[in-house]
> 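Dropping a structure here in structure tokens format, bear with me for questions.
This one's a predicted model, so the numbers in the text were calculated from it and none came from an experiment. Worth knowing before you read on, the calculation uses all heavy atoms, side chains too, and leaves out hydrogens, waters and symmetry mates. Just so it is clear: chains get the letters A, B, ... in the order the sequence lines come, proteins before strands, and each one is counted from 1.
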Amino acid sequence: MNPLPEWLSAGHDETRFRAMLSPDSPYTLEQLAGESKAITLRRFGRTMSLYAPLYLSNHCSSGCAYCGFASDRKTPRRRLEQEEIRKELGAMKRLGISDVLLLTGERTKAANFDYLRTSVATAAADMQRVTVEAFPMSVSEYRELAEAGCTGITIYQETYDPLRYAELHRWGPKKDFRERLETPSRALEGGIKTVGLGVLLGLADPQEDALMLYRHLRYLGKTYWRAGLSVSFPRIRPQTGSYEPPFPVSDHLLARMIFAFRIALPDVELVLSTRESPAFRDGMAGIGVTRMSIASRTTVGGYHDAESSDRGQFDVFDDRTVEAFCNALRDKNIEPVFKNWEHAYNGPSHMEAEK
Amino acid sequence: MDSLHIGSYTFSSRLILGTGKFSSSSVMLEAVKASGTQLVTVALRRFNREQPGDDLFTPLTSIPGITLMPNTSGASTAAEAVQAARIARELSGSPFIKVEIHPNPQHLMPDPIETYEASKILAKEGFLVMPYIPADPVLAKRLEEAGCVSVMPLGSAIGSGQGLATAEMLKIIIRESTIPVIVDAGLRSPSEAALAMEMGCDAVLVNSAVAVAGNPPVMAEAFAEAVAAGRKAFAAGIMEKSGIAVATSPLTSFLGTEA
Amino acid sequence: MSQMITIQVNGESFTLPAGSSVSNLLASIGSEQESVATVVNDQIVRPDNRASFRLKKGDRVEILIFAGGG
């Protein structure tokens with residue numbers, strides 16, 4: 001039995017995408033970079049949209065082999081209470097951040113839907129833009145989340161290889177491959193305006209995963225044509241952390257992937273986090289990536305208590321200050337953008353009931 | 001087999017032929033046969049006892065494998081198009097309807113608003129609605145949501161022979177659509193039909209280019225071959241053009257040399 | 001002699017005996033029964049109903065065929 005839905009099967013329009021990523025690609029990296037840069041400039045201008053993650057809770061019920069917050073890790077567990085969230089947001093605002101990504105683990109009693117919705121409302125009162133990277137929800141939960149002020153969700157499939165997926169997700173709700181695969185669709189049906197997709201690079205064959213991710217984006221773009229889409233490129237870097245990636249992805253391959261997505265999907269936001277090095281991030285700015293995280297803390301409560309020695313979900317590589325990072329962008333003639341004007345337009349999605 | 005699926009129907013030919021503007025019914029019928037088409041458009045007209053030979057129903061339906069797709073031409077409002085569609089279904093027994101609403105007889109440009117309204121109603125009534133539309137990507141998605149089984153954006157103005165003047169918009173429509181995209185109107189020569197198919201259109205509808213050709217049946221065959229070739233090329237994956245500019249100062253030197 | 005009535009057929013005046021049906025009308029103007037659609041006062045009259053559908057004075061009848069079109 002094929003566990004993959006029909007829309008993940010080969011299409012007629014992926015010849016070039018495959019060719020760009022193939023090991024014997026007819027395109028040099030420089031050729032792809034040139035075309036990717038031209039498209040990025042045309043479509044996004046000389047701007048970089050900036051956000052920062054806020055870890056609300058590291059409670060988790062899943063056993064993802066690669067994750068520092070998996071439920072069998074010895075990491076101390078805590079969640080931020082609303083007053084603490086306000087403190088964190090205050091600390092972030094003082095850094096200039098107004099676009100926040102709220103994170104939790106898989107659904108637990110400590111960090112359940114009600115907690116998340118309350119936290120979104122708390123953040124929406126303070127921030128220009130609130131997005132969420134948490135657990136899969138139902139359509140009606142997503143609708144409530146949108147009403148509380150969440151405009152986007154991020155949900156990585158991690159890998160589109162069902163067998164690898166089953167090996168890596170040892171227990172907990174995340175074991176269900178199809179449930180996760182259909183989560184972005186449910187979010188968009190619930191009125192969430194943008195969804196962010198990604199694979200965790202290093203877990204499985206990167207070319208295959210990239211192709212499946214491309215198909216997933218094409219499917220969402222056709223089916224939910226009003227949606228904003230973004231792709232992140234989280235990479236388990238070799239020789240860091242405790243999990244040794246079985247399919248390490250080199251800088252060259254990662255760059256090639258970013259260019260291929262930019263060329264094949266010119267309108268999609270491409271995101272790069274502080275997992276990557278300052279040199280790689282600076283290099284990718286202006287030639288493909290259009291959204292980056294800054295000044296990230298990957299521990300719970302990490303902004304207010306910046307000296308904490310807790311181990312986060314992953315190790316931050318680019319630990320430059322907001323100011324240092326923005327100066328690096330400006331040196332490249334790129335304007336850092338903190339404020340997202342979308343907020344002003346977040347009225348009801350329909351003026352009157354259509355159906 | 002790389003077939004065209006519209007609603008619950010399957011067609012092996014991706015060429016749809018219009019039956020207007022021919023010098024005679026017999027030439028038209030020859031062209032239909034030569035094209036191998038399985039879907040032909042017809043228009044409703046008042047019966048005229050002086051010209052009983054105008055009636056195409058019997059000759060067309062006696063060609064094996066032909067499905068009729070009546071159009072609503074002559075309608076300039078949604079209400080007129082809906083009425084025309086209902087009458088046409090009585091006569092054709094076919095669920096297909098090409099919604100075609102042009103209020104301006106000078107250029108025959110489709111009215112997007114009336115077309116949307118009519119399509120919404122007809123889709124609810126169980127018609128397989130194929131709207132003829134301006135090449136507007138948002139309109140195409142709205143019609144898809146309204147229940148249309150296909151969209152038929154124009155390549156250029158009806159009968160203009162200007163080819164794929166709307167190519168950039170057509171590409172967006174093709175990229176976003178989950179229902180077949182059929183280029184209707186404006187094609188002058190088989191190469192343009194092939195180009196439309198290579199772009200990823202699911203079918204093309206041709207009328208004037210065949211009807212007014214020096215030899216319509218031969219031209220119909222030429223279009224059929226071009227459509228088939230274009231489709232094959234699309235499915236096979238067309239090689240990329242070269243000539244991507246390489247920046248004078250390298251963009252990727254920050255990556256160092258590959259390990 | 002039976003009484004005559006006047007109706008409109010495809011926009012033109014037409015006179016026929018009172019009590020005539022749509023089928024009678026089609027026969028009298030020499031049109032096919034199968035390959036036309038009939039509409040009386042904007043209501044479609046299906047082939048099965050043509051024999052029983054009696055025309056009245058002033059009715060507007062449309063007799064439509066499929067002709068060439070794109």
> Taking every heavy-atom pair that is under 4.5 Å apart, which of B:L205, B:T41, B:V206 has the most such pairs with chain C?
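Ranked by heavy-atom pairs under 4.5 Å with chain C, first place is B:T41.
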> Could you measure the distance from the CD atom of B:E90 to the CG atom of C:L64? Nearest 0.5 Å is fine.
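Answer for the CD-CG pair, B:E90 versus C:L64, is 12.0 Å.
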> Please report the C-alpha distance between B:I87 and C:E62 in whole Å, then the side-chain angles of each, then the deciding distance to 0.1 Å, and finally whether the side-chain contact (heavy atoms from CB on, under 4.5 Å) criterion is met.
CA-CA 10 Å; B:I87 296 168; C:E62 292 287 333; over 6 Å; no
> Quick one: what part of C:I44 sits under 4.5 Å from any heavy atom of chain B, side chain, backbone, both or neither?
side chain
> Working to the nearest 0.5 angstrom, can you tell me the gap between C:Q43 CD and B:R86 CZ?
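That separation rounds to 9.5 Å.
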> Under 4.5 Å from any heavy atom of chain C, what part of B:S208 do you find: side chain, backbone, both or neither?
neither
> Does C:R46 have more than 12 heavy atoms from other residues, nucleotides or ligands lying within 6.0 Å of its CZ?
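No, not enclosed.
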> For B:A88, is it the side chain, the backbone, both, or neither that has a heavy atom closer than 4.5 Å to a heavy atom of chain C?
both
> Is B:K98 in contact with chain C via its backbone, its side chain, both, or neither, using a 4.5 Å heavy-atom distance?
side chain
> Using a cut-off of under 4.5 Å on heavy-atom pairs, state which of C:A37, C:G68, C:A67, C:G69 scores highest against chain B.
C:G69
> Let me see the working for B:L60 and C:F66 under side-chain contact (heavy atoms from CB on, under 4.5 Å), right down to the final yes or no.
CA-CA 10 Å; B:L60 278 173; C:F66 279 143; over 6 Å; no
> When you measure from the side chain of C:N10 to the backbone of B:N48, do you find a donor-acceptor pair of N or O atoms at a distance under 3.5 Å?
no
> Would you check if C:I63 and B:R46 make a side-chain contact, meaning some heavy-atom pair closer than 4.5 Å?
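In short, these two side chains do not touch, never coming nearer than 4.5 Å.
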> What is the distance from atom CD1 of C:I65 to atom CG of B:L91, rounded to the nearest 0.5 Å?
9.0 Å
> Can you establish whether the number of heavy atoms outside B:R89 located under 6.0 Å from its atom CZ is more than 12?
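Yes, CZ of B:R89 has more than 12 neighbouring heavy atoms, counting only those of other groups under 6.0 Å.
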> With a 4.5 angstrom heavy-atom cut-off, is it the side chain or the backbone of B:L68 that approaches chain C, or both, or neither?
side chain
> Is B:F47 close to C:L26 at the side-chain level, that is, under 4.5 Å between some pair of heavy atoms?
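They are not in contact (no side-chain heavy atoms under 4.5 Å apart), so the answer is no.
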